[in-house]
There are 2 protein chains.
Amino acid sequence: MTKQLPSTDRSLPIALLRARERVMGPIRALLSDADLTEQQWRVLRVVQESGDIDPTQISEQACLLLPSLTRILQKLEDKGLIQREKDQMDRRRQIVRITPAGEQIIDDNLEASLAVIENTRTKMGPERYEALLDLLNELNRKGD
Amino acid sequence: MTKQLPSTDRSLPIALLRARERVMGPIRALLSDADLTEQQWRVLRVVQESGDIDPTQISEQACLLLPSLTRILQKLEDKGLIQREKDQMDRRRQIVRITPAGEQIIDDNLEASLAVIENTRTKMGPERYEALLDLLNELNRKGD
DNA sequence: GCACTATGCTTAACATGTTTACAAAAATAA
DNA sequence: TTATTTTTGTAAACATGTTAAGCATAGTGC
């Protein structure tokens, strides 16, 4: 009879928490040199990749609730990394854009950030890494 | 040429965040009726399963940093769900124990909480669910 | 037009995440 | 024993997570 594994080893919520820490810990360390949090970095990357974009779409892509995003956008604007302006067609909406200073931060940190992820991928093996992504995306699919 | 997927669909950090929300969202909803947060519930369950236990061990099993745990234990103690006492052998340490009221909360909510997880498992299919857990646990292994 | 509802975003309040510093007790070195 | 280091937990400060409420604008039905 093999002893049963501690329940935490079979707990999906805990496994997800540990995985997040495992993946983001090294990236957080990188970004602290640029005085950016993990969430600020995520928002900045979404804005850079998407061009003009409104907060609602950012929140979906960066997986942040709007109240958190409001604060983060304020900080990124204070740091001069993004700009905001009112949408003239719909004055409830705003349009967010990255600034040259924001682009510079991306340039300075993107390579090292991608290398951390690539390192994880290599250590797991690409097939297993892709399998993990597929299973997570399946779990996240709306229809289920 | 198929259009490339948006980067977020291939981003492990975002996929992990979405999965956490997907899994814990329904459990949070359950626990709000008992006025417990997801983290307070996790701590309470660890204390219930492990019997007498010190904060350092709780933090490892519940995947919480000690400063967060300090506050959570204070709140659980205020609610009368746990007890704490100093360890007489090593007076830096303390010993945490669940109270009858704490046991009652577990009794009232454990079944529904497990059902949420089981529901996820069923929807994904047991094999794929187990595969996901295995891949996450592999990612989390210390040695890598 | 006017009342009603929906949308986009912000604010507020409380809980946790994260880092750094700190205090007390214990282990270790000398 | 005394000085040093390590361990355990807490406190403080700032950022985010989460829920509920609020405000302004836009859309809808009448």
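Below, chains carry the letters A, B, ... as their sequence lines are ordered, and counting in each starts from 1. Heavy atoms only: backbone and side chains are in, while hydrogens, waters and symmetry mates are out.
- For B:Leu31 and D:dT18, the CG to P distance is 13 Å, given to the nearest whole Å.
- Contacts of B:Asp54 classified as side-chain hydrogen bond (donor to acceptor under 3.5 Å, both in side chains), with partners at least two apart in sequence or in another chain: B:Arg93.
- Residues A:Leu139 and A:Leu133 fall within the same hydrophobic cluster, defined by Ile, Leu, Val, Met, Phe, Trp and Tyr side chains chained together at heavy-atom separations under 4.5 Å.
- Considering only side-chain N and O atoms, A:Lys86 lies nowhere under 4.0 angstrom from the phosphate OP1 or OP2 of D:dA24.
- At a threshold of 4.5 Å between non-hydrogen side-chain atoms, the residues B:Pro13 and A:Arg20 do not count as touching.
- Nucleotide C:dA25 holds its C1' atom 12 Å from the CG atom of B:Asp87, rounded to whole Å.
- Considering only heavy atoms from C-beta on, A:Gln40 comes within 4.5 Å of A:Leu76 through its side chain.
- Note: the hydrophobic cluster containing A:Leu30 also contains A:Val23 (ILVMFWY, side chain heavy atoms under 4.5 Å, direct or indirect links).
- Across the protein-nucleic acid pair, A:Arg20 atom CZ and D:dG17 atom P stand 7 Å apart, rounded to whole Å.
- Side chain to side chain, A:Gln74 and A:Asp78 fail the donor-acceptor criterion of an N or O pair below 3.5 Å.
- For the salt bridge (Lys or Arg N to Asp or Glu O under 4.0 Å) criterion with A:Arg97, the lone passing option out of A:Glu85, A:Glu103, A:Glu77 is A:Glu85.
- B:Leu17 places its CG atom 15 Å from the C1' atom of D:dT18, with the value rounded to the nearest Å.
- Under 4.0 angstrom from either OP1 or OP2 of D:dT18 there lies no side-chain N or O belonging to A:Ser68.
- We find that CG of A:Asp35 is positioned 17 Å from P of C:dT18, with the value rounded to whole Å.
- Looking at B:Asn140, its side chain does come within 3.5 Å of a backbone N or O of B:Leu136 through a donor-acceptor pair.
- Between the axis at the start and the axis at the end of the helix from C:dG1-D:dC30 to C:dA30-D:dT1 there is an angle of 20°, using five pairs per end and rounding to 10 degrees.
- In this structure, B:Glu38 places its CD atom 16 Å from C1' of C:dC14, rounding to the nearest Å.
- In this structure, the CE atom of B:Met24 is 10 Å from the P atom of D:dT18, given to the nearest Å.
- What separates CD1 of B:Ile58 from C1' of D:dT8 is a distance of 13 Å, to the nearest Å.
- Toward the 5′ end of DNA chain D lies the nearest nucleotide of A:Leu64, the other residue of the pair A:Arg91 and A:Leu64 mapping further downstream.
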Grab the N/O contacts between the protein and nucleotides 6-10 of chain C below 3.5 Å, and write none if there aren't any.
unit_1: C:dT7; atom_1: O2; unit_2: A:Arg92; atom_2: NH1; d: 2.9
unit_1: C:dC9; atom_1: OP1; unit_2: A:Gln94; atom_2: N; d: 3.1
unit_1: C:dC9; atom_1: OP2; unit_2: A:Thr56; atom_2: N; d: 3.0
unit_1: C:dC9; atom_1: OP2; unit_2: A:Thr56; atom_2: OG1; d: 2.3
unit_1: C:dC9; atom_1: O3'; unit_2: A:Gln94; atom_2: NE2; d: 3.1
unit_1: C:dT10; atom_1: OP1; unit_2: A:Arg84; atom_2: NH1; d: 3.1
unit_1: C:dT10; atom_1: OP1; unit_2: A:Gln94; atom_2: NE2; d: 3.2
unit_1: C:dT10; atom_1: OP2; unit_2: A:Thr70; atom_2: OG1; d: 2.7

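- Residue B:Gln39 has no polar side-chain atom (N or O) positioned under 4.0 Å from OP1 or OP2 of D:dG17.
- No chain of hydrophobic side-chain contacts below 4.5 Å, direct or via other Ile, Leu, Val, Met, Phe, Trp or Tyr residues, connects B:Leu65 to B:Leu16.
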